[in-house]
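Just the heavy atoms: all of them, side chains too, but no hydrogens, waters or symmetry mates, feed the values below. None of the values given here were measured: they were computed from a predicted structure.
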Amino acid sequence: MTTGSTAEPRPAIDTALARRLVDAQFPQWAELPLKLLDPAGSDHVIHRLGDDLSVRLPRHAGAIGQAAKETEWLPRLAPHLPLAVPVPVRVGEPGFGYPWPWAVSRWLDGEVATVGALGDSPGAAVQLAEFLVALQSFPPADLRVGNARVDLMGEPLADRDRDTRAAIAEVGGTFDAAAMTELWDAALSAPGWDRPPVWFHGDFHTGNLLTRDGRLSAVIDFGGLGIGDPACDLIIAFTLMSARSRAAFRTALGVDDATWTRGRGWALATGLNAYTCYAAVNPRVAAQTTRQITEALNG
């Protein structure tokens, strides 16, 4: 789960602004109704445009590269993936005081995946493992180590050390501080990824999965897409899955002990980040991240 800095300025984004941007830059869609999607993610304000399109405006500077990244890579990746992914249509320009690029994509029907619906489903867990296997199998082309573009280089887990330890200290009365510290130390000291770099989604959690008729149908929000160590994508095992389905997921993905430990570290760090930022003001996020932190500690 990604979050922007709470200290950075954020533009005011409402439906009137989205309407002006669409009408001015894409007049062919000026007659289509525009409806705010709520709740939206922490990175974008999202509107549905007509029946077939979505409009995504970044909330903060950390999300402004997503439109260009998805436009470049998703059309190449999509034919190789077993679940639907967003289909980019246009990239909009800044305007009317809004400072950043924004995106229009094809609308993907579906409901956000929930623990209640899919958490104890080994079949869904295996589907997610198969998606990651397919993503990791797509050739990185000229993006091998030493030639990777900055926008596709993943953040090292160690870069989260200071913030994670500060969060552990902050929430030590709510969660087991000793257990969190032990897991975090283990994740940082685990052997690193020693194989060729592979593609990862980068924000692979429950909120970025869609379902139709009770089955997984799509993966969205590829702003964190990159190449390198895929341990960050193991977050899904702790945001969605029960112990039973998690075991099926790990077996289908073929994850070694070191990668699994780093994945638990990613789940802990991102869960703590979201919990400390939003739990006091958003009960939904509080419940989700409490479960994520607890499941990461359980392994």
Side-chain angles (χ1 to χ4, degrees), residues 1-15 35-48 54 56-60 62-63 108 110-121 124 128 160 163-177 179-180 183-184 201-211 214 216 218-221 223-224 232 234-243 245-246 264-299:
M1 181 178 292
T2 58
T3 62
S5 169
T6 56
E8 68 188 11
R10 298 189 177 204
I13 305 170
D14 57 18
T15 301
K35 180 180 179 181
L36 178 66
L37 181 66
D38 186 46
S42 58
D43 291 341
H44 294 84
V45 175
I46 305 171
H47 288 78
R48 185 169 185 174
S54 66
R56 297 168 59 88
L57 280 76
R59 293 181 184 270
H60 58 83
L108 286 170
E111 303 292 331
V112 173
T114 65
V115 173
L118 296 178
D120 199 36
S121 169
L128 290 170
R160 292 178 174 257
D163 289 345
T164 300
R165 294 190 190 278
I168 289 171
E170 180 178 341
V171 303
T174 303
F175 304 100
D176 186 334
M180 289 188 291
L183 171 56
W184 185 241
H201 177 277
D203 200 16
F204 203 58
H205 63 79
T206 310
N208 288 332
L209 304 177
L210 299 182
T211 66
L216 287 165
V219 178
I220 60 174
D221 200 346
C232 58
L234 299 181
I235 289 173
I236 192 59
F238 308 98
T239 59
L240 178 65
M241 300 173 193
S242 68
S245 58
R246 191 153 56 235
R264 290 176 65 199
W266 276 107
L268 178 66
T270 56
L272 285 169
N273 177 55
Y275 186 90
T276 54
C277 288
Y278 297 108
V281 296
N282 190 320
R284 177 178 60 89
V285 173
Q288 291 172 341
T289 53
T290 294
R291 183 185 192 279
Q292 179 175 337
I293 294 164
T294 302
E295 293 298 316
L297 291 175
N298 291 337

Please report the shortest heavy-atom distance between [X] and [Y], naming the atom on each side.
X: A124; Y: L118; answer: CB-CD2, 4.1 Å
X: N208; Y: D203; answer: ND2-O, 2.8 Å
X: L36; Y: T15; answer: CB-OG1, 4.0 Å
X: M241; Y: A237; answer: CB-O, 3.4 Å

So, does [X] use its side chain to make a donor-acceptor pair with the main chain of [Y] at under 3.5 Å?
X: R264; Y: A296; value: yes
X: H201; Y: D221; value: yes
X: T206; Y: T239; value: yes

Please tell me if the side chains of [X] and [Y] come closer than 4.5 Å, counting only heavy atoms from C-beta onward.
X: R59; Y: D43; answer: no
X: V219; Y: L209; answer: yes
X: L272; Y: M180; answer: yes
X: L268; Y: F238; answer: no
X: L240; Y: L128; answer: yes
X: T290; Y: F175; answer: yes
X: Y278; Y: R284; answer: no
X: H44; Y: P58; answer: yes

- Stepwise, does the side chain to side chain contact (heavy atoms under 4.5 Å, CB included) test hold for L234 with W266? CA-CA 8 Å; L234 299 181; W266 276 107; over 6 Å; no
- Task: Report the C-alpha separation of N273 and D163 in whole Å, then their side-chain angles, then the decisive distance to 0.1 Å, and conclude whether the side chain to side chain contact (heavy atoms under 4.5 Å, CB included) test is met.
- Result: CA-CA 8 Å; N273 177 55; D163 289 345; over 6 Å; no
- Does the side chain to side chain contact (heavy atoms under 4.5 Å, CB included) test come out yes or no for W184 and R160, once each step is laid out? CA-CA 10 Å; W184 185 241; R160 292 178 174 257; 4.1 Å; yes
- Query: So, T270 and Q292: side-chain donor and acceptor under 3.5 Å apart, yes or no?
  - Reply: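 Short answer, yes.
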